[in-house]
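As structure tokens, the structure follows; a few thoughts come after it.
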Amino acid sequence: MNVVVVESPAKAKTINKYLGPGYKVLASFGHVRDLPAKDGSVLPDDDFSMLWEVDSASAKRMKDIGDALKSSDGLILATDPDREGEAISWHVLDLLRKKKLIGDKPVRRVVFNAITKKAVLDAMANPRDIDVPLVDAYLARRALDYLVGFNLSPVLWRKLPGARSAGRVQSVALRLVCDRESEIERFVSEEYWNISALLKTPRGDEFEARLVSADGKRLQARSVTNGEDAGRLKALLEGASYTVDSIEAKPVKRNPSPPFTTSTLQQAASSKLGFSASRTMQVAQRLYEGIDIGGETVGLITYMRTDGVQMAAEAIDAARDAIADQFGARYVPEKARIYSTKAKNAQEAHEAVRPTDFTRTPDQVKRFLDADQLRLYDLIWKRGIASQMASAEIERTTAEITADNKGEKAGLRAVGSVIRFDGFIAAYTDQKEDGEQSDDGDEDGRLPEINARESLARQKINSTQHFTEPPPRYSEATLIKKMEELGIGRPSTYAATLKTLSDREYVTIDKRKLIPEAKGRLVTAFLESFFTRYVEYDFTASLEEKLDRISAGELNWKDVLRDFWKDFFAQIEDTKELRVTNVLDALNEELAPLVFPKREDGSDPRICQVCGTGKLSLKLGKYGAFVGCSNYPECNFTRQLSSDSNGDEAAASNEPLALGKDPHTGEDITLRSGRFGPYVQRGEGKEAKRSSLPKGWTPASVDHEKALALLSLPRDIGAHPETGKMISSGLGRYGPFILHDGKYANVETIEDVFSIGLNRAVSVLADKASKGPGGRGAAAAPLKEIGDHPDGGPITVKDGKYGPYVNWGKVNATLPKGKDPQAVTLEDALLLIAERIAKGGIKPAKGKTTKTAKPKAAKAEGTAAKKAVKATKPKAAAKPKAAAKAKTAAKSKAAAKAGKD
């Protein structure tokens with residue numbers, strides 16, 4: 001018997017069926033060890049030696065593999081065919097050798113690009129050794145990510161409170177998003193006019209022609225820049241006679257796109273299906289690992305992490321046969337199409353993403369797939385089949401027309417296209433991210449019969465005013481496309497990079513567009529000011545190219561690390577002398593459009609509107625950056641720094657905005673903005689009642705009625721039928737709630753606070769009580785076992801009434817909205833737990849402490865810099881010591897992987 005190691009249980013189950021009783025297939029569940037999240041995991045002074053750590057869950061799986069290996073004839077490593085798969089095989093083999101479980105047993109490495117019986121058996125018949133250069137490239141990449149994350153993230157925490165992390169690829173991707181936002185802010189709209197004529201042929205057919213020349217000059221797009229010129233040209237055309245100078249019909253061929261790579265699949269799934277990059281990869285993983293098709297489990301697509309665009313020869317032949325069968329012989333080109341990639345630094349290590357069997361049409365397999373699986377498979381099948389189909393044949397007709405107004409002439413042009421043979425378009429057409437159909441040859445429509453030298457009748461002259469628009473914000477799809485063009489990141493990293501930016505709250509997604517948050521722009525501005533080289537696009541792409549050369553055996557991986565570390569370490573050391581005032585000055589300059597938006601009255605946006613003499617500047621506080629006045633404490637003006645506060649007077653100033661009076665007390669009701677965001681207030685002075693705006697409410701949406709409702713809280717609902725004690729509802733630190741006899745229960749929305757009745761309130765309280773302390777339910781089955789906390793005790797992800805959460809002992813931390821429970825890492829969990837402890841004043845379980853060594857770079861920070869940071873912070877209540885320690889520990893651990901792609 002041979003032991004076969006793969007990554008996932010689903011893959012193991014499928015492959016075990018193919019191989020039969022002579023093999024035992026076990027899953028490693030991904031990586032079996034990683035760099036521990038602590039100082040010293042990578043030692044530059046010790047020739048970049050790396051300290052690996054196996055968590056408890058992986059240790060158990062490795063024990064299972066080791067136990068099976070003892071009674072086996074050999075070991076077969078069958079992990080994925082990319083760099084990460086090679087690394088997993090290397091880790092498994094290294095651990096087994098250190099435990100002296102290999103002995104003289106043969107070890108083979110096999111790779112297959114598709115999980116089909118033929119592909120797996122062919123791979124077994126053609127084993128090889130571990131690809132050492134590919135492993136070296138993994139080691140270099142992992143060390144670089146650790147060194148960047150663990151050294152750069154603490155600098156951010158010390159110099160820029162509120163920042164979460166920085167990373168080698170993550171920070172460059174964030175810069176792309178922020179640079180685009182800066183472009184939009186700097187953009188100055190320009191006026192232009194389009195002029196066209198609706199003309200009629202002698203046969204009575206109407207068509208439109210666009211003005212392309214006048215006054216003996218050719219008019220470019222947007223050449224007409226004002227209404228006066230547009231009016232003059234319109235008058236010329238309205239009094240002119242029209243003659244066709246020439247008519248030309250030209251055949252055009254349009255070729256299909258290659259089959260999908262990882263990035264083009266993510267782009268198309270975003271444009272056509274509305275999938276996020278993460279969702280695309282989740283569904284593709286399932287299609288790759290295998291679907292039960294009528295009693296047979298088979299992979300429907302090839303491996304989905306690739307930058308190759310070519311298909312295997314047998315797949316091309318199968319596609320051509322399927323084209324003839326599905327579309328007809330005319331749709332099969334004379335020769336097979338051969339593609340090569342245009343992406344920068346592409347490796348083309350294996351095939352494009354394609355169906356494993358082109359005879360399995362989407363219609364044939366739809367009953368075995370869920371909705372998302374079917375939609376993605378349909379996309380992959382159609383793109384794959386179209387890539388080998390005949391070109392589309394299009395006839396493009398151009399009519400050149402002269403307008404003559406008493407000797408004053410102008411030129412017009414009408415263009416139309418008609419598809420004579422649809423070719424590949426019968427299977428697949430691309431779609432632009434904007435939602436517009438791509439150029440498939442029919443975008444201009446068909447022109448009627450037009451003959452040279454014939455006269456045309458003017459029907460109407462159209463003159464329309466337009467204004468240029470700023471470049472659009474990136475979507476996930478267009479950002480991936482840009483990263484690929486620049487050579488930043490690799491196929492396996494795109495989805496993870498985008499998810500990190502969202503999880504760190506550096507960007508938000510609105511209508512599928514990526515909008516940088518103020519926190520993200522601060523981080524980018526800081527890095528551009530003090531770590532310029534490491535967020536440069538060319539530098540990052542150059543480093544990726546070196547990593548690719550390592551995998552090709554052309555460079556020594558430690559030489560690459562030495563070159564990088566020498567300059568990077570010097571840059572880190574330089575920041576120790578950096579004062580917070582230097583940071584703020586740089587950020588004020590870099591982020592001026594965000595921090596100091598232009599005012600409608602044209603006054604200096606940096607002069608305080610409250611005192612009239614102070615100068616506004618960024619300040620650093622406990623919860624991040626805000627805008628404050630230089631005359632503090634005499635002037636207490638503050639403004640929350642927010643990407644969406646521009647133009648919102650309530651958010652842009654803390655001057656009270658009167659909403660009306662309280663009908664019972666006669667006191668003024670005002671809307672204000674403080675350091676921690678907008679709020680409503682009744683009255684003045686220390687006794688004034690205040691209420692923050694609940695999540696989802698913007699200052700612009702708050703009126704007198706809503707303000708009164710907020711200030712009336714808590715609201716009495718009614719007496720509990722069993723205890724006779726009052727049940728009330730309110731808005732607290734953790735959102736809307738109901739309260740009875742000192743016990744709280746969350747409700748879903750702020751509207752529930754105002755509308756919930758007695759019966760439902762009693763039901764919510766009873767449901768909370770039935771789940772035990774914390775309302776989470778002690779017996780809730782874990783969705784995922786993450787590993788052990790450094791201070792002891794398992795960390796799991798569980799599902800609660802209000803969504804998934806991380807659990808460690810008595811500490812429960814809700815996952816951020818949209819966070820996939822299965823994607824939560826140990827570092828993510830530690831940070832969430834630490835933040836939950838800090839926010840809620842929760843003490844760790846008895847006997848569990850959260851001591852951690854302070855990072856070396858942090859120890860070297862000068863007292864003067866600490867005082868400078870402290871001077872910019874508002875006074876706040878001291879955190880419980882345990883919470884503060886826990887947060888420090890989690891941040892130190894999170895830094896180790898913060899630089900990951």
Side-chain angles (χ1 to χ4, degrees), residues 187-255 391-421 425 432 434 436-472:
F187 182 81
V188 178
S189 185
E190 296 179 353
E191 177 186 8
Y192 70 96
W193 292 73
N194 284 339
I195 302 171
S196 62
L198 184 65
L199 304 174
K200 182 187 286 187
T201 70
R203 289 157 295 282
D205 298 317
E206 293 183 347
F207 66 96
E208 191 170 38
R210 180 172 54 87
L211 181 66
V212 294
S213 65
D215 303 324
K217 298 178 182 178
R218 179 166 296 278
L219 298 178
Q220 303 297 331
R222 304 176 186 140
S223 290
V224 183
T225 59
N226 57 71
E228 183 179 344
D229 288 347
R232 181 178 60 79
L233 292 170
K234 182 179 180 181
L236 184 157
L237 295 179
E238 285 179 332
S241 58
Y242 295 83
T243 305
V244 179
D245 282 343
S246 65
I247 183 84
E248 180 183 24
K250 184 184 296 184
V252 176
K253 283 194 174 183
R254 197 166 303 284
N255 297 321
S391 302
E393 297 175 8
I394 298 155
E395 185 177 270
R396 190 176 185 89
T397 304
T398 304
E400 300 289 352
I401 301 160
T402 296
D404 190 336
N405 186 343
K406 299 176 184 179
E408 191 175 1
K409 296 184 178 181
L412 297 94
R413 178 178 297 146
V415 179
S417 299
V418 60
I419 298 174
R420 295 301 183 189
F421 172 61
I425 294 174
K432 294 180 180 178
D434 297 343
E436 300 174 0
Q437 287 295 325
S438 66
D439 186 1
D440 59 11
D442 195 34
E443 77 282 10
D444 295 316
R446 182 194 291 263
L447 287 177
E449 180 185 344
I450 304 173
N451 299 313
R453 305 285 180 264
E454 69 182 6
S455 296
L456 303 169
R458 170 182 54 79
Q459 299 297 103
K460 184 180 180 183
I461 304 300
N462 297 311
S463 176
T464 55
Q465 183 186 35
H466 301 272
F467 292 91
T468 55
E469 295 184 354

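These numbers were taken from a predicted model, which means no experiment stands behind them.
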Of all heavy-atom pairs between N405 and A235, which one has the smallest distance, and what is that distance? ND2-O, 3.8 Å

How long is the gap from CD on E393 to NZ on K253, to the nearest 0.5 Å? 5.5 Å

Value rounded to 0.5 Å, distance of CD1 in I461 from CD1 in I195: 9.5 Å

What's the separation between atom OH in Y192 and atom CD in Q465, rounded to the nearest 0.5 Å? 10.5 Å

side-chain contact (heavy atoms from CB on, under 4.5 Å), that's the test. Do T225 and E190 meet it? Break it down for me. CA-CA 8 Å; T225 59; E190 296 179 353; over 6 Å; no

Taking N226 for the side chain and D229 for the main chain, is one N or O donor matched with an acceptor at less than 3.5 Å? yes

Which pair of non-hydrogen atoms, one from T397 and one from A249, has the smallest distance, and what is that distance? OG1-CB, 4.0 Å

Would you sort out whether K409 and L236 count as a side-chain contact (heavy atoms from CB on, under 4.5 Å), showing the intermediate values? CA-CA 8 Å; K409 296 184 178 181; L236 184 157; over 6 Å; no

Does a side-chain heavy-atom distance below 4.5 Å link L211 with L219? yes

Carefully, step by step, assess N194 and R210 under the rule side-chain contact (heavy atoms from CB on, under 4.5 Å). CA-CA 8 Å; N194 284 339; R210 180 172 54 87; 5.8 Å; no

Between L447 and A414, the two heavy atoms sitting closest are CD1-O, 3.9 Å

So, does Y242 use its side chain to make a donor-acceptor pair with the main chain of L237 at under 3.5 Å? yes

Which atom names give the shortest non-hydrogen contact between L233 and A214, and what distance separates them? CD2-CB, 3.6 Å

Report yes or no: does R203 contribute a side-chain atom to a donor-acceptor pair with the main-chain N or O of E449 at less than 3.5 Å? yes

Do you know which two heavy atoms are closest between A209 and L412, and how far apart they sit? O-CD2, 3.8 Å

When you measure from the side chain of T468 to the backbone N and O of S189, does any donor-acceptor pair fall under 3.5 Å? no

Between R453 (side chain) and D245 (backbone), is there a donor-acceptor pair under 3.5 Å? yes

Interatomic spacing from CZ in F207 to CG in L198 - rounded to 0.5 Å: 9.0 Å

Nearest heavy-atom neighbours spanning E191 and G227: OE2-N, 3.8 Å

Got T201 and L456 here, is their nearest side-chain heavy-atom distance under 4.5 Å? yes

Under a 3.5 Å distance rule, please check whether S196 uses its side chain to pair with a backbone N or O of E208 as donor and acceptor. no

Just by distance, no angles: are the side chains of S391 and N255 close enough, under 3.5 Å, to form a donor-acceptor pair? yes

Test your reading of the model: is there a side-chain donor-acceptor pair from R458 to the backbone of E238, 3.5 Å cut-off? yes

Got V244 and N451 here, is their nearest side-chain heavy-atom distance under 4.5 Å? no

